[in-house]
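Comments concern the structure below.
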There are 2 protein chains.
Amino acid sequence: MARKTGSHSEITGPKIKQAALELFARHGFAAVTMRQIAARVGVQAGAIYNYTPDKQALLFDLLHGHMADLLTRWAQEHVPHDPVAALDHFVAFHLDFHIRRPELVFISYMELRNLTEENFKAIEEKRSRYEKIVYDMILKGVRSGDFQVPDAKITSFALIAMLTGVVDWFREDGRLSSDELTRQYCALARQTLGVNAPA
Amino acid sequence: MARKTGSHSEITGPKIKQAALELFARHGFAAVTMRQIAARVGVQAGAIYNYTPDKQALLFDLLHGHMADLLTRWAQEHVPHDPVAALDHFVAFHLDFHIRRPELVFISYMELRNLTEENFKAIEEKRSRYEKIVYDMILKGVRSGDFQVPDAKITSFALIAMLTGVVDWFREDGRLSSDELTRQYCALARQTLGVNAPA
DNA sequence: ATATTAACTGAACCAGCGTTCAGATCAATC
DNA sequence: GATTGATCTGAACGCTGGTTCAGTTAATAT
């Protein structure tokens, strides 16, 4: 047959994905060329097409993999029954997952409009699933009386926005450790959801 | 001399800016061509260069004008001395200003990386000025004892993120009026900043 | 009427794009 | 050592991008 051990494909493939991720995050999908990606991998542009049908698929695979990863990992979490504990748990999970992948979070928000309509729908569907998780969590706490919010839907958007916004400024080597970050945002999230608020 | 009344320049100029804004917001700066912008104005691509030196300047003028407008308008506001009233005032101002210009808000966040380094710095400087306004406002309330937050800096980022995130989903003709939106977010912001929180 | 000139056209320029593909390369197999 | 086939090169393809510019158009001033 042909090579198995010593084959480059198991190296080049991931390297292409990684290079595409970094370049898309830095310059934006439309501004990045296949030749730039190839150069970063140390290969000619044509070689990329052994690993992806086209540039669009390169973007889609990154975004789709990211969302699939997010949902899979959340499904594996053991969520406490108490609404306040569940909130803390979610905040910790969301922050941890997102600050570990700043580039993916970035392009998942920025490059949606560079997706084919069909590809866009696939991502959108997964995103909605995640937003529903947050909404349901808030609703449960409101019904039990643990949370007090003006509007559950709005609050779910606000909570996600303020948590995800962290990747815009947080740096692993900054003045704040990720543990400290989580603690601060748990407190902030509790306040936002009106935990212990006067009836 | 030549034409004054009936001159098209006072019409075409703004039309180009408007077309560029809409297209940049929809497809992204890098994905939009000068020919697309020209077509929307009803003119040939070459004509655009009577109004802007290049494509980059088209983007920069939009972003810079937006930030300048934001700062100018805030400077004209009459801010109450009481920290809680000041917070309400800011929330109302920020929401009103931003939901009236969703495209500008959008590209001001998305297209920063398509700016020249020099142009980027100019925008960044204005953005920092605005963030400082929020930070100072929070700090003042913390010192007076009206606000209770885990960390003033983090809270300022969180507040801006959750307010600005509104443009991602708010529609003028949706289920929520902009008045109602403001009321909800004033309440949410108060909770987030720990107004009336137990000491 | 004529001259003037701002505003615009239409065609061109060239660099660069995504993508293709015939052929070179070379580790694994026989 | 010859064969095989996955992997990659290097050059090319057709096309489109931003930008330029000589020339046309038409509203004003004289």
Side-chain angles (χ1 to χ4, degrees), chain A residues 1-24 26-63 107 111 113-116 118-119, chain B residues 1-24 26-63 107 111 113-116 118-119:
Chain A
M1 310 286 165
R3 336 183 201 178
K4 272 166 198 161
T5 320
S7 172
H8 289 185
S9 76
E10 287 145 29
I11 305 220
T12 306
K15 269 174 102 179
I16 288 173
K17 279 195 176 187
Q18 182 60 31
L21 172 60
E22 291 169 10
L23 288 170
F24 290 167
R26 176 131 53 201
H27 306 291
F29 173 76
V32 171
T33 74
M34 297 300 263
R35 278 170 250 262
Q36 281 174 50
I37 298 171
R40 188 172 267 242
V41 176
V43 106
Q44 291 295 320
I48 295 180
Y49 290 85
N50 288 326
Y51 301 93
T52 190
D54 50 30
K55 198 186 172 192
Q56 168 76 202
L58 219 44
L59 176 62
F60 178 70
D61 286 351
L62 286 170
L63 299 204
I107 68 171
E111 306 298 351
R113 55 189 174 182
N114 285 307
L115 289 173
T116 307
E118 164 189 357
N119 284 343
Chain B
M1 309 282 170
R3 336 183 202 183
K4 272 164 198 164
T5 320
S7 171
H8 289 184
S9 76
E10 287 146 29
I11 305 224
T12 306
K15 268 174 105 178
I16 289 173
K17 280 195 174 185
Q18 181 60 30
L21 172 60
E22 291 168 11
L23 288 170
F24 290 168
R26 176 131 54 200
H27 306 292
F29 173 76
V32 171
T33 73
M34 297 300 263
R35 279 171 250 261
Q36 282 175 48
I37 298 171
R40 189 171 268 241
V41 177
V43 108
Q44 291 297 317
I48 294 180
Y49 291 85
N50 288 326
Y51 302 92
T52 190
D54 50 31
K55 197 185 172 192
Q56 168 77 202
L58 219 42
L59 176 62
F60 178 70
D61 285 351
L62 285 171
L63 299 203
I107 67 171
E111 306 298 352
R113 57 192 172 179
N114 285 305
L115 288 174
T116 308
E118 166 189 356
N119 283 344

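These figures come from a predicted structure and were not determined experimentally. Hydrogens, waters and symmetry mates play no part in the numbers below; they use all other heavy atoms, side chains included. Below, chains carry the letters A, B, ... as their sequence lines are ordered, and counting in each starts from 1.
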Is any side-chain N or O of A:Arg35 under 3.5 Å from a base N or O of C:dG16, one able to act as donor and the other as acceptor? no
Nearest-angstrom distance from the residue atom CD1 of A:Ile37 to P of C:dT19: 10 Å
Picking from D:dT19, C:dT20, C:dC8, the nucleotide nearest the side-chain atoms of B:Lys55 would be D:dT19
Side chains of A:Val41 and A:Ile48: closer than 4.5 Å at any heavy-atom pair? no
Strictly distance-based, threshold 3.5 Å: is any side-chain N or O of A:Lys15 a donor or acceptor partner for the main-chain N or O of A:Gly42? no
Please report the distance, rounded to the nearest Å, between CG in A:Leu59 and P in C:dG18. 13 Å
Report the nucleotide, chosen from D:dC8, C:dC8, C:dT9, that has the shortest atom-to-atom distance to any side-chain atom of A:Thr12. D:dC8
Using whole Å, what does the distance between atom P of nucleotide D:dG10 and atom CD of A:Gln44 come to? 5 Å
Residue-level proximity of residues 26-33 of chain B to DNA chain C when a heavy atom falls under 4.0 Å: none
B:Gln36 backbone acceptor or donor facing B:Thr33 side chain under 3.5 Å: yes
OH of B:Tyr49 versus P of D:dG18: gap in Å, rounded? 7 Å
Gap between atoms OH and P, on A:Tyr51 and C:dT19 respectively (whole Å): 17 Å
Spacing between A:Ile48 atom CD1 and D:dC8 atom C1', to the nearest angstrom: 12 Å
Output the rounded distance in Å from NZ (A:Lys15) to C1' (D:dC8). 13 Å
Spacing between A:Ile16 atom CD1 and C:dT19 atom P, to the nearest angstrom: 13 Å
Closest listed nucleotide, where the reference is the side chain of B:Ala47 and the choices are C:dT9, D:dT20, C:dT20: C:dT9
State whether the side chain of A:Lys17 and the backbone N or O of A:Asp61 hold a donor-acceptor pair below 3.5 Å, judged by distance alone. no
I want to check something: taking the side chain as every heavy atom from C-beta on, are A:Leu63 and A:Asn119 in contact at a cut-off of under 4.5 Å? no
Please list, chain by chain and in numerical order, all residues satisfying salt bridge (Lys or Arg N to Asp or Glu O under 4.0 Å) with B:Arg40, sequence neighbours excluded. B:Glu22
Can you figure out which of C:dG10, C:dC8, D:dT9 approaches the side chain of B:Asn50 most closely? C:dC8
Applying side chain to side chain donor-acceptor pair (under 3.5 Å), can you list everything that pairs with A:Arg113, at least two apart in sequence or on another chain? B:Glu111
